[in-house]
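Contents: one structure, followed by commentary.
One-based numbering, in listed order, for ligands and for the atoms of each. Please read all numbers here as calculations on a predicted model, not as lab measurements.
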Amino acid sequence: MPELSLRDLSTSGADSLVHASYHGRAVSSPDLSTVRNLGIVAHIDAGKTTISERILYYSGVERRMGEVHEGTAVMDWMEEERTRGITISAAATSVPWRGLSLNLIDTPGHVDFTIEVERCMRVLDGAILVLNGTAGLQAQSETVWRQIKRHSVPYLVFVNQNDRAGSDYMRCIDELESQLDEPALAIQYPLGEEREFRSVVDLLTRRALRFREDDKGQAPVEVPVPDEVSDEVDVLRAELIESLAEEDEEVLAEISEDREPSPELLQRALRKRVLARTLVPVLCGAALRNVGIQPLVDAVGLYLPSPLDRPPVLATSAETLNPVSFETENDAPPVALVFKLQADRNEDLAFIRIYAGTVRPGLCLYNPRTKQTGRVARVLRMHAEERKPLEAASRGDVVAISGVSGIATGDTLCTKKENLYLERLEFPDAVLAQVVEPRTGADRDALRIALDRLTVEDPSFSVREDSDTGQWLISGMGELHLEVMQHRLERDFHIPIRVGQPRVAYREAVAAPGTGELDLERKLGGTPYTGRIRLELAGTEEGLASSIEWSPECEVPAAHRAAVEETLLDSATSGPRFGFPLVRARVRILPFGKAHQSDSELGFCQAAAQALRLASEAATIELLEPVMAFDISAPAEFMGGILAELNSKRADIAEVRSDANSRTVVGRVPLANMFGYSTVLRSLSQGRASFSLHPDGFRAVPESEIESRGLAWV
Ligand code: GDP
Ligand code: MG
């Protein structure tokens with residue numbers, strides 16, 4: 001495998017900017033060492049989409065530069081995103097860059113879509129964390145940073161918006177160190193402030209590049225480092241080299257003998273540290289003004305991992321559930337992970353990361369979860385909404401495939417012989433629900449089909465049909481999430497709908513156990529049928545899932561047990577007290593008595609449903625509500641008002657952090673008290689606060705509060 005040439009990728013100034021051409025013809029997978037599966041993550045509005053657009057433009061993939069505020073950004077391709085100017089659904093795009101193949105994933109920043117970021121993180125090899133230079137670390141930048149850590153992804157930091165008044169590159173580095181305890185170090189130095197910010201010094205090469213705002217696409221020019229910052233640059237450079245010498249013998253040897261380490265040596269040493277995650281390099285720029293983008297992408301090539309640099313992924317045998325390893329060569333049996341599905345009217349696409357072997361059209365892939373095999377129709381390289389067919393794609397690559405049906409996000413695709421699961425993704429439980437119905441009865445079937453497709457595409461979105469009212473209850477992760485789903489129904493699927501007010505997705509749980517029993521004797525068309533069930537309903541502690549156990553002496557014949565379990569789980573979808581789903585329940589089926597001649601499956605199932613109803617009447621049922629973790633930052637003068645208001649919402653305040661003139665409060669609060677909070681916060685802070693809310697489990701609603709929630713008993 002040829003080594004990635006550091007010289008080819010180094011930021012060598014004016015001569016180095018090549019517009020790679022992007023051919024429409026079919027191509028196969030590139031040399032793995034040149035592949036970078038890259039995510040760009042940030043707090044909303046830090047500039048992810050603007051950066052992605054610049055990368056597409058400078059690589060030659062796009063002829064025109066899209067702008068978020070004009071609604072022309074190529075990466076924000078869903079109509080919903082263009083009108084809102086935010087990135088909702090991660091779009092994967094492949095970009096050639098000076099001998100590199102970048103698979104770029106533009107991830108959504110809004111908390112309602114955190115699940116998308118989590119999924120992408122799972123399949124990426126490296127990331128760029130973008131900070132807004134004027135705001136520093138924001139609530140959501142910490143959330144995505146936690147995800148980066150959880151998946152052990154090597155990353156760089158890009159301090160964007162450095163052209164704005166109040167932007168402070170060095171303060172951002174301090175915050176990374178002091179608040180996140182990250183080994184962050186400057187590898188660039190910005191020249192000029194606000195609109196005068198046009199140049200960036202590379203500390204490894206000690207060369208400054210000047211970018212021009214107007215000449216879209218032209219190469220930056222090399223300029224001398226001005227005298228007045230020369231000392232500052234030397235200090236930062238010495239600090240960087242010293243840090244590299246700590247873990248690199250060659251660099252240490254050079255500086256202890258008073259020689260100047262070569263840029264190539266420093267780059268190699270820095271790459272090792274980034275891959276080991278013992279150093280986080282920080283760069284700067286202003287994407288909107290076209291400053292600093294080319295060196296940023298060069299840094300991705302120089303310092304972020306290729307698929308070869310990443311540890312092997314864990315797999316489990318689908319048969320024994322024991323850990324297994326698998327061959328990863330291109331000619332090995334294929335193994336891929338589905339990390340995103342995208343449904344549209346013509347074709348269902350599955351975005352996959354290939355971990356072993358080669359995937360090509362016509363290949364049969366096995367899904368261990370469904371035990372189904374499907375044939376790949378097309379293998380596609382995606383450029384926002386455009387698709388280029390490939391002859392094949394191999395391990396390390398991120399592509400979309402079509403033709404294989406019945407798959408869900410998180411599924412593993414492999415061969416029947418391999419039969420394994422890659423690490424499974426976990427999905428959060430929905431916190432908000434809303435009633436949806438078609439405006440005209442004629443659209444009922446179309447709506448049912450559309451809702452089905454949306455649930456397949458997005459595992460944090462779920463749908464329940466209420467057979468009594470003929471309405472659907474959709475559930476998701478937040479107001480924006482549900483709103484986007486409604487707009488997709490209307491715009492992408494052309495179904496006019498009516499919706500109710502969004503409301504908290506409550507659950508019911510067992511606080512104290514109860515038992516119930518029923519001895520059933522009925523007739524169907526003159527033939528008697530019987531069955532009897534005695535059961536105990538109790539609560540469990542962990543997760544929300546319910547479980548069913550059979551006591552060893554229980555007489556229900558094994559052949560009927562699956563049907564009885566299904567009946568019980570089905571009854572639990574509508575809880576005994578308010579009709580919310582019953583969760584965290586443990587049903588234990590107890591011995592009852594002897595068998596009858598006329599015992600039947602139907603008899604046992606009906607007896608089970610009624611015994612469960614009786615047991616829940618005997619039990620104590622409590623109401624659970626979703627709780628949100630919040631993180632609110634505002635200038636110090638507004639914090640008093642914000643805290644008082646949070647107290648009136650019965651929030652648990654965990655901590656108030658102060659930093660220069662700004663204050664950050666973190667804690668937990670019931671979601672039910674947070675509707676319309678962004679408007680409240682805006683008026684409390686004259687629009688200067690920012691906040692993030694993310695689901696953080698469930699808690700029991702105190703009985704004294706239940707009445708004020710306006711809930712009716714069933
Ligand atoms: P995202 O939410 O992270 O994708 O952020 P966007 O790329 O949508 O950018 C948010 C807003 O900030 C847009 O109006 C951009 O035009 C603007 N913006 C992005 N980068 C810069 C920058 O470097 N300087 C300035 N002044 N504005 C920027
Ligand atoms: Mg965006």
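Of the polar atoms of Ala287, at least one N or O is found under 3.5 Å from an N or O of ligand 1, judged by distance alone. Polar contact with ligand 1: present for Thr50 (N/O pair, distance under 3.5 Å). Taking distance alone, with nitrogen or oxygen atoms compared against 3.5 Å, Ala42 stays at or beyond that limit from ligand 1. The N/O atoms of Asn162, backbone and side chain alike, include none that comes under 3.5 Å of an N/O atom in ligand 1.
Among Glu53, Gln161, Arg54, the residue whose heavy atom lies nearest to atom 12 (O) of ligand 1 is Gln161.
Defined by atom type and a distance below 3.5 Å, a donor-acceptor pair is present between the side-chain atoms of Arg206 and Ser230.
Within the 3.5 Å criterion, the main-chain N or O of Arg289 finds a donor-acceptor partner in the side chain of Arg198.
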Stepwise side-chain hydrogen bond (donor to acceptor under 3.5 Å, both in side chains) check, Asp397 with Asn103 = CA-CA 8 Å; Asp397 218 339; Asn103 291 319; 3.1 Å; yes
Hey, mind stepping through Arg212 and Asn290 against side-chain hydrogen bond (donor to acceptor under 3.5 Å, both in side chains) and telling me if it holds?
-> CA-CA 7 Å; Arg212 281 174 290 187; Asn290 307 320; over 6 Å; no
Please test Trp145 against Tyr155 for side-chain hydrogen bond (donor to acceptor under 3.5 Å, both in side chains), starting from the C-alpha separation and ending with a verdict.
-> CA-CA 10 Å; Trp145 170 78; Tyr155 71 105; 3.2 Å; yes
Candidate pair Glu479 and Gln434, rule side-chain hydrogen bond (donor to acceptor under 3.5 Å, both in side chains), full reasoning | CA-CA 9 Å; Glu479 286 175 273; Gln434 190 168 27; over 6 Å; no
Could you please spell out the steps behind the side chain to side chain contact (heavy atoms under 4.5 Å, CB included) verdict for Gln138 and Ser633?
-> CA-CA 8 Å; Gln138 291 170 283; Ser633 299; over 6 Å; no
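Near Lys48, meaning under 4.0 Å from any of its heavy atoms, are these atoms of ligand 1: 1 (P), 2 (O), 3 (O), 4 (O), 5 (O), 7 (O). Interface atoms of ligand 1 facing Ala286, defined by a heavy-atom separation under 4.0 Å, are 23 (O).
Contacts with ligand 1 closer than 4.0 Å are made by side-chain heavy atoms of Arg164 only, the backbone lying farther away. Residue-level proximity to ligand 1 for Asp45 is carried by backbone and side chain together, each with a heavy atom below 4.0 angstrom. If you look at Asp163 next to ligand 1, the close heavy atoms, those under 4.0 Å, all belong to the side chain.
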